[in-house]
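What follows is a set of notes on a single structure, which appears directly below.
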Amino acid sequence: MVSFECMFEWIEELNPEQSEAVMAEDRHLLVVAGAGTGKTRTLACRVARLLADGVRPERILLLTFSRRAAREMTLRAGQLAEFGGAPRVWGGTFHAIAHRLLRQHGEAVGLRTGFTVLDQSDATDLLGLVRHDLGLGEQGRRFAKKDTLASIYSRTVNAQRPLIEVVDESYPWCRRDVGAIGTVFNGYLERKRLGNVVDFDDLLLYWRALAQSPRLGLLLQTTFEHILVDEFQDTNALQADIVAAMAGPNVSVAAVGDDAQAIYGFRSGSARHMSEFPQRFPGARIVRLVRNYRSTPDILDVANNVMAAATAPGDLDTKYLRAERPPGVRPQLAACVDELAQSSFVCDLVLENREQGIALREQAVLFRTGHHSDGLELELARRNIPFVKFGGLRFLEAAHIKDVLALLRLLDNPTDELAWRRILALMNGVGPATIRRLLEELEVGTPQALTRLLGPECPRFPPSALADLSGVSAALGDCVADDLPPADQIERLALACVPLFNRRYPATAKVRLADIEHLRIMATDYRSRSRFLAEMTLDPPSATSDLAGAPHLDDDYLVLSTIHSAKGGEWRCVHIIHAADGNIPSDMALGSPEELEEERRLMYVGVTRARDNLAISYPIRFYVARSGSASNAWGDAHTYGQPSRFLDATTAVLDSISVGEVTVERDPVAPELAALWS
DNA sequence: CATTTATAAATTTTT
DNA sequence: TTTATAAATG
């Protein structure tokens with residue numbers, strides 16, 4: 001009961017609007033809450049209030065969009081309900097809850113048991129296979145590439161709009177090929193069904209189908225009494241449909257959101273669904289939270305000025321935040337000579353802050369895209385400043401991790417074509433043509449494919465692959481019964497991977513095997529192989545600070561994060577780097593006014609993460625070409641950066657400083673030489 | 001004949 | 001770092 005009392009102490013500290021949101025007895029509730037207005041706390045308190053009123057925890061569903069938010073909410077609200085192993089509040093991302101429900105009831109909507117969830121890169125690869133098999137993208141024909149196909153697909157499905165409209169609006173250069181794109185999508189659907197796999201979008205689609213089905217819909221509508229949804233401004237049409245379909249006659253829906261923080265347009269999220277909430281859920285009480293308790297007025301001045309020029313203020317306007325805190329320190333805008341200067345500026349500031357008693361984990365560095373932190377990561381490593389990076393490339397994206405997971409997936413679902421392909425391609429002397437033949441002869445698509453590989457009916461492999469084959473088969477044979485714990489299975493499979501990795505990744509095999517050991521350690525908490533696989537797909541570990549060993553979560557570390565991943569978080573000090581025009585807003589997003597506005601909101605989200613200190617920086621000169629391409633070998637391929645256009649209106653409330661010495665502007669020799677032959 | 005190697009081109013944000 | 005095509009190799 002202790003936690004209940006402590007929760008009631010919180011409730012006493014709520015302001016009148018927050019407590020209205022917590023106590024409201026209306027059937028439906030929409031909380032329009034600006035950044036830093038105590039949204040999460042209000043939601044958690046509402047859950048506490050419901051529990052105190054006698055609602056059973058397992059009758060409460062708490063939906064979030066990001067995994068970070070899910071973790072935080074279930075931590076805060078979930079603790080309340082844990083009395084001696086009593087059932088807990090259902091909490092998680094839309095996708096995680098969908099998965100949980102479909103494992104239970106999936107057969108009712110035509111899903112076979114034992115289905116595998118494809119992550120984004122798997123889904124993209126499968127689209128690429130279909131694309132290739134249809135002979136698209138061959139010579140000269142500039143057909144949409146697999147990544148483009150994946151985003152078109154996801155947009156179409158999540159927005160529930162006709163393909164032609166989506167292509168016209170967002171991918172006009174593919175207009176000519178809509179017919180063929182449709183054909184690819186059909187092939188993709190067929191391929192998924194054949195392999196008994198579902199992608200992220202399918203999880204939502206099948207959940208909706210379940211909730212709308214005559215037989216199970218009623219069951220689901222009576223499973224939960226209260227549905228609470230966080231970050232409602234990021235809902236897409238599919239998710240809005242799901243919430244509506246789950247809301248039976250005796251269900252209350254409480255949604256919380258902020259249209260000024262809608263940043264998931266690329267996933268078809270739209271604040272429109274929030275403004276339509278009152279129509280869709282009639283009788284909803286609307287509560288607005290605008291008092292900001294998080295940031296100093298100095299920081300809010302920046303935030304408010306960023307949004308002042310917003311062209312499309314929503315009708316549920318929360319963008320002007322009222323400061324409740326006393327004045328603090330003026331935020332800084334640092335024009336850095338180059339990226340190196342920016343990196344050392346940030347490191348200096350971080351260390352200085354730590355000297356003043358602000359722990360590293362109270363500080364965050366935020367940026368638009370994953371690779372924007374590359375330079376900084378090098379400098380942090382050089383100065384031995386520990387950090388953890390959220391967003392960007394993940395541990396699981398590494399080829400060798402996918403290789404081992406493919407072996408596990410094969411054991412879990414022997415009809416998974418992608419897993420088969422990945423494993424076969426790892427063997428010596430096996431290429432696309434052999435893979436095609438083997439897939440046919442193994443009859444991948446039937447559950448017997450694995451027994452066929454391990455048994456006497458095993459098809460003929462090229463002689464060069466026989467050694468690899470016997471190693472892999474032996475390992476698969478040892479694990480096929482699934483009587484070993486997942487961690488032991490990984491250890492056994494990793495053994496078979498040693499020779500494969502040594503050949504495929506000669507220079508890095510050692511490091512990669514250490515990563516597999518990391519994977520094994522992560523698996524030790526799981527008792528079920530399929531649970532582990534699903535968890536790795538739906539809630540993969542965030543990228544680690546270093547390639548070796550597990551991150552020491554007890555230690556102090558600096559947080560590096562994309563702005564998208566940072567939403568919902570707050571830190572005493574926030575450093576926004578690469579805030580140059582072209583980065584925020586991204587050059588990619590200049591196509592339409594809507595996209596540009598989303599970038600503005602992104603800047604707003606970044607700024608409003610800060611409590612006490614905010615430093616925005618950008619390099620005046622930065623390289624366009626990424627390392628690895630040879631294009632900058634002759635002369636610098638750099639460009640001169642202007643600060644983000646969203647900061648234009650903030651100059652009066654920012655301290656502008658210059659960082660870095662103006663050294664030699666450019667290499668005097670190379671351009672001179674280049675002039676000789678250009 | 002099939003596979004490996006070489007070369008050029010293109011690269012947002014998350015579940 | 002991936003991806004399509006061309007050349008080189010087994």
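Below, chain A is the first sequence line, B the second, and so on; all start at residue 1.
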- Query: Dot-bracket, DNA chain B: Watson-Crick or G-U, under 3.5 angstrom, [ ] crossing, | other strand?
  - Reply: ||||||||||.....

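The side-chain contact (heavy atoms from CB on, under 4.5 Å) search around A:T183 returns A:L134, not counting sequence neighbours. With sequence neighbours excluded, the residues that form a side-chain contact (heavy atoms from CB on, under 4.5 Å) with A:T434 are A:V430, A:R437, A:L438, A:P462. Partners of A:H372 by ring-ring contact (aromatic ring centres under 6.0 Å, His included), not counting sequence neighbours, listed by chain and number: A:H578. A:R272 pairs by the salt bridge (Lys or Arg N to Asp or Glu O under 4.0 Å) definition with A:E276, not counting sequence neighbours.
The phosphate of B:dT13 (OP1 or OP2) has no side-chain N or O of A:R267 nearer than 4.0 angstrom. In this model, the phosphate group of B:dT14 is approached by a side-chain N or O of A:S565 to a distance below 4.0 Å at OP1 or OP2. Between A:K145 and the phosphate of B:dT11, there is a side-chain N or O to OP1/OP2 separation shorter than 4.0 Å. Under 4.0 angstrom from either OP1 or OP2 of C:dA4 there lies at least one side-chain N or O belonging to A:R131. Checking the phosphate oxygens (OP1, OP2) of B:dT14, a side-chain nitrogen or oxygen of A:T562 falls inside 4.0 Å.
Within the 4.0 angstrom heavy-atom criterion, base atoms lie near A:Q120. When heavy atoms are screened at a 4.0 angstrom cut-off, A:F94 is found touching no nucleic acid atom at all.
Across the protein-nucleic acid pair, A:K146 atom NZ and C:dT1 atom P stand 15 Å apart, rounded to whole Å. Atom pair A:L129:CG and C:dT3:P shows a separation of 10 Å (rounding to whole Å applied). Regarding A:K567, its NZ atom lies at a distance of 11 Å from the P atom of B:dT15, rounded to whole Å. We find that CG of A:N158 is positioned 11 Å from C1' of B:dT14, with the value rounded to whole Å. Counting to the nearest Å, the P atom of B:dT3 and the CG atom of A:L424 are 12 Å from each other. One interatomic measurement links the two molecules: NE2 of A:H132 to C1' of C:dT2, which rounds to 15 Å at whole-angstrom precision. The distance between atom CZ of A:R155 and atom P of B:dT15, rounded to the nearest whole Å, is 17 Å. B:dT13 atom C1' lies 13 Å from atom CG of A:N583, rounded to whole Å.
Considering only the side chain of A:P432, B:dT3 comes nearest among B:dT12, B:dT15, B:dT3. Of the candidate nucleotides B:dT4, B:dA2, B:dT12, B:dT4 has the atom nearest to the side chain of A:N428. Comparing atom distances between the A:S586 side chain and each of B:dT13, B:dT15, B:dT12 picks out B:dT12 as nearest. Taking only side-chain atoms of A:R368, from C-beta outward, the nucleotide of B:dT12, B:dT15, B:dA2 with the closest atom is B:dT12.
Classified by interplanar angle (parallel below 30°, tilted 30° to 60°, perpendicular above 60°), the ring pair A:F94/A:W207 is tilted.
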Which atom pairs, donor and acceptor, lie under 3.5 Å between side-chain atoms of residues 197-204 of chain A and protein residues at least two apart or in another chain?
from: A:D199; atom 1: OD1; to: A:D201; atom 2: N; distance (Å): 3.1
from: A:D199; atom 1: OD1; to: A:D202; atom 2: N; distance (Å): 2.7
from: A:D199; atom 1: OD2; to: A:Y188; atom 2: OH; distance (Å): 2.6
from: A:D199; atom 1: OD2; to: A:K192; atom 2: NZ; distance (Å): 3.0
from: A:D201; atom 1: OD1; to: A:S154; atom 2: OG; distance (Å): 3.3
from: A:D201; atom 1: OD1; to: A:N158; atom 2: ND2; distance (Å): 3.0
from: A:D201; atom 1: OD2; to: A:S154; atom 2: OG; distance (Å): 3.1
from: A:D202; atom 1: OD1; to: A:K192; atom 2: NZ; distance (Å): 3.2
from: A:D202; atom 1: OD2; to: A:K192; atom 2: NZ; distance (Å): 2.7
from: A:D202; atom 1: OD2; to: A:D199; atom 2: N; distance (Å): 3.0

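For A:Y264 and B:dT14, the ring-to-base geometry does not satisfy the stacking test (centroid distance below 5.5 Å, interplanar angle below 30°).
Between the side chains of A:Q160 and A:R208, at least one donor N or O lies within less than 3.5 Å of an accepting N or O.
For the pair A:H564 and A:T434, both in contact range of DNA chain B, the more 5′-proximal nearest nucleotide belongs to A:T434. Of the two residues near DNA chain B, A:T369 and A:I435, the one whose nearest nucleotide lies more 5' is A:I435.
Proximity of A:L405 to A:L519: side-chain heavy atoms (C-beta onward) are separated by under 4.5 Å at one or more points.
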